[in-house]
Engineer: 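One structure, as structure tokens, below. Some questions next.
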Amino acid sequence: MSLVSKGKSSINMRIRDLENVLRHRRIPYPKRSVEFIALIAISCTLFLFLHTKNLNSRLKEMEVKLQPSEFSALGLTGDNHIDESKHHHDRNTLHGTYQYLKSTGQLDYLDRSSLNNTPQAEKSLIFFNRVAKVGSESLMELIDELGKLHEFEVYTNEPKSKNRVTLPDDEQKDLAEAINELNEFSVYIEHVNHINFTKFDMPRPIYINLVRDPVERVISWFFYVRGSYSNAIKYQKFPNMPLKPEKWFKKDFNHCVRTGDPECVYEQLSTGGGGDYRRQSHFFCGHDKDCLPFNSKTAIQIAKKVVEKDYAVVGSWEDTNVTLTVLEKYIPRFFKGAHVLYNIHKDRIVNQNKNRRKPKIYDDVKAMIRKNFTEEIDFYHFCKQRLYKQYIALKLDDIRATGAFSKK
Ligand SMILES: *[C@@H]1O[C@H](CO)[C@@H](O)[C@H](O)[C@H]1NC(C)=O
Ligand SMILES: *[C@@H]1O[C@H](CO)[C@@H](O)[C@H](O)[C@H]1NC(C)=O
Ligand SMILES: *[C@@H]1O[C@H](CO)[C@@H](O)[C@H](O)[C@H]1NC(C)=O
């Protein structure tokens with residue numbers, strides 16, 4: 001088993017580049033200007049003081065109308081159309097999760113330590129067994145940048161013509177051993193199902209991953225395998241692979257689903273699936289044969305347990321800010337500065353592996369698929385709610401620490 005580093009040689013040079021950039025941004029102020037600025041500041045203060053009195057009384061009037069909820073005080077939303085009277089909260093949004101926790105009295109008992117698996121890791125090594133078609137290449141790009149900043153190494157497997165996510169026990173063990181031999185303070189990234197290091201008597205890494213709406217994922221896969229990017233890469237690496245017929249490239253997704261074309265049938269409990277990674281849960285459930293039947297309750301139960309027990313963070317690009325904040329706070333050694341680097345390299349990160357050729361998929365078609373993905377959708381919501389809880393717990397910590405939030 002050999003793992004390859006993603007660009008060690010250039011690391012030190014790139015850190016120097018970054019330092020130069022930072023140095024150039026620091027603009028020296030001459031002494032005179034400092035005095036000048038101080039003078040302006042004093043004038044402004046005086047000006048503001050005079051106006052504050054006036055503003056204060058006007059604010060009092062407005063306060064009666066506005067009544068900001070505790071939620072907006074947490075900085076969790078920009079949404080002004082919150083229907084507080086609604087009893088059914090959509091828990092699949094950050095706001096809904098907050099409202100749910102609040103209305104059920106769970107908010108006061110939200111315990112960050114039980115949501116944080118990082119301290120249980122026995123090694124400072126990240127295992128990012130990236131789910132296919134969730135934007136993991138974007139996170140890889142960001143991790144590469146973070147690696148230059150914090151000086152950790154990023155590893156992956158050597159490219160193979162066919163990537164297998166399910167491995168027999170002995171191969172899991174080999175892979176775990178190879179990962180275990182990497183430097184402490186490394187990141188391993190690959191499309192592979194969750195590996196239980198404890199089972200092989202090896203120190204437990206920090207597990208991370210991403211999820212995405214399961215229906216959007218399979219649609220994305222359909223166009224990805226037909227895209228020029230994925231095909232160019234594949235044939236460059238493996239020129240002897242047979243080319244698909246033109247008809248296959250031109251297949252229409254809506255038609256494919258509506259006519260029951262085998263490629264677009266998501267049969268319940270089926271163990272096949274044309275290699276389209278339709279089971280997002282599979283990456284979490286693991287290598288057991290119980291994990292394979294599509295949309296099975298058993299597989300989803302196992303996957304949820306593994307997320308809860310092992311994963312430090314399961315984020316989503318559908319909630320970029322929440323995900324970056326949770327990564328930064330729960331795994332600071334690797335992710336500190338993630339927001340800053342994301343903003344600097346945003347264009348490159350966002351466009352990583354993005355497919356621009358994605359024709360319209362009709363609502364009835366999506367609804368047909370959605371009906372067959374019930375358990376997968378349940379798992380996806382479970383991961384999102386956990387992510388929101390982690391975020392809310394952080395915000396509550398912040399607010400309690402500054403005393404701005406008082407427990408009733
Ligand atoms: C949904 O599942 C049923 C039962 O397995 C199957 O007959 C049907 O073709 C599936 N529909 C889609 C759109 O995958
Ligand atoms: C990993 O394996 C150990 C030992 O077999 C077991 O106790 C633990 O529950 C497993 N972890 C998960 C997340 O299943
Ligand atoms: C994310 O946070 C940045 C500032 O940190 C803000 O400018 C941006 O609007 C936020 N995005 C969303 C979708 O909330």
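As the structure lists them, so they are numbered: ligands from 1, and atoms in each ligand from 1.
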Engineer: In ligand 1, which numbered atoms sit nearer than 4.0 Å to a non-hydrogen atom of Tyr266?
Structural biologist: 1 (C), 2 (O), 12 (C), 14 (O)
Engineer: Hey, which of Leu125, Asp144, Ile126 is the one that makes side-chain contact (heavy atoms from CB on, under 4.5 Å) with Val187?
Structural biologist: Ile126
Engineer: Assess Lys247 against Phe249: is NZ or CZ under 6.0 Å from the centre of the six-membered ring, and within 45 degrees of the ring's axis?
Structural biologist: no
Engineer: Do NZ/NE/NH1/NH2 and the carboxylate oxygens of Arg226 and Glu263 come within less than 4.0 Å?
Structural biologist: yes
Engineer: Which bit of Asn372 gets closer than 4.0 Å to ligand 1, counting heavy atoms only: side chain, backbone, both or neither?
Structural biologist: side chain
Engineer: Name the orientation class of the two ring planes belonging to Tyr224 and Trp221 (parallel below 30°, tilted from 30 to 60°, perpendicular beyond 60°).
Structural biologist: tilted
Engineer: Is the Phe152 ring parallel, tilted or perpendicular to the Phe185 ring (thresholds 30°, 60°)?
Structural biologist: perpendicular
Engineer: Does ligand 2 have any N/O atom under 3.5 Å from a protein N/O, and what are those pairs and their distances?
Structural biologist:
residue	atom	partner	partner atom	Å
ligand 2	2 (O)	Asn196	OD1	3.3
ligand 2	2 (O)	Asn196	ND2	2.3
ligand 2	9 (O)	Lys309	NZ	2.7
ligand 2	11 (N)	Asn196	ND2	3.0

Engineer: Mind checking whether Val265 has a heavy atom under 4.0 Å from ligand 1?
Structural biologist: yes
Engineer: For Cys285, enumerate each residue passing the disulfide bond (SG atoms under 2.5 Å apart) test, keeping only those at least two apart in sequence or located in another chain.
Structural biologist: Cys291
Engineer: May I ask you to check whether Glu267 has an N/O atom sitting below 3.5 Å from an N/O atom of ligand 1?
Structural biologist: no
Engineer: Is the Phe128-Tyr207 ring centre distance short of 6.0 angstrom?
Structural biologist: no
Engineer: Any idea how Phe284 and Phe379 line up, ring-wise: parallel (<30°), tilted (30 to 60°), or perpendicular (>60°)?
Structural biologist: tilted
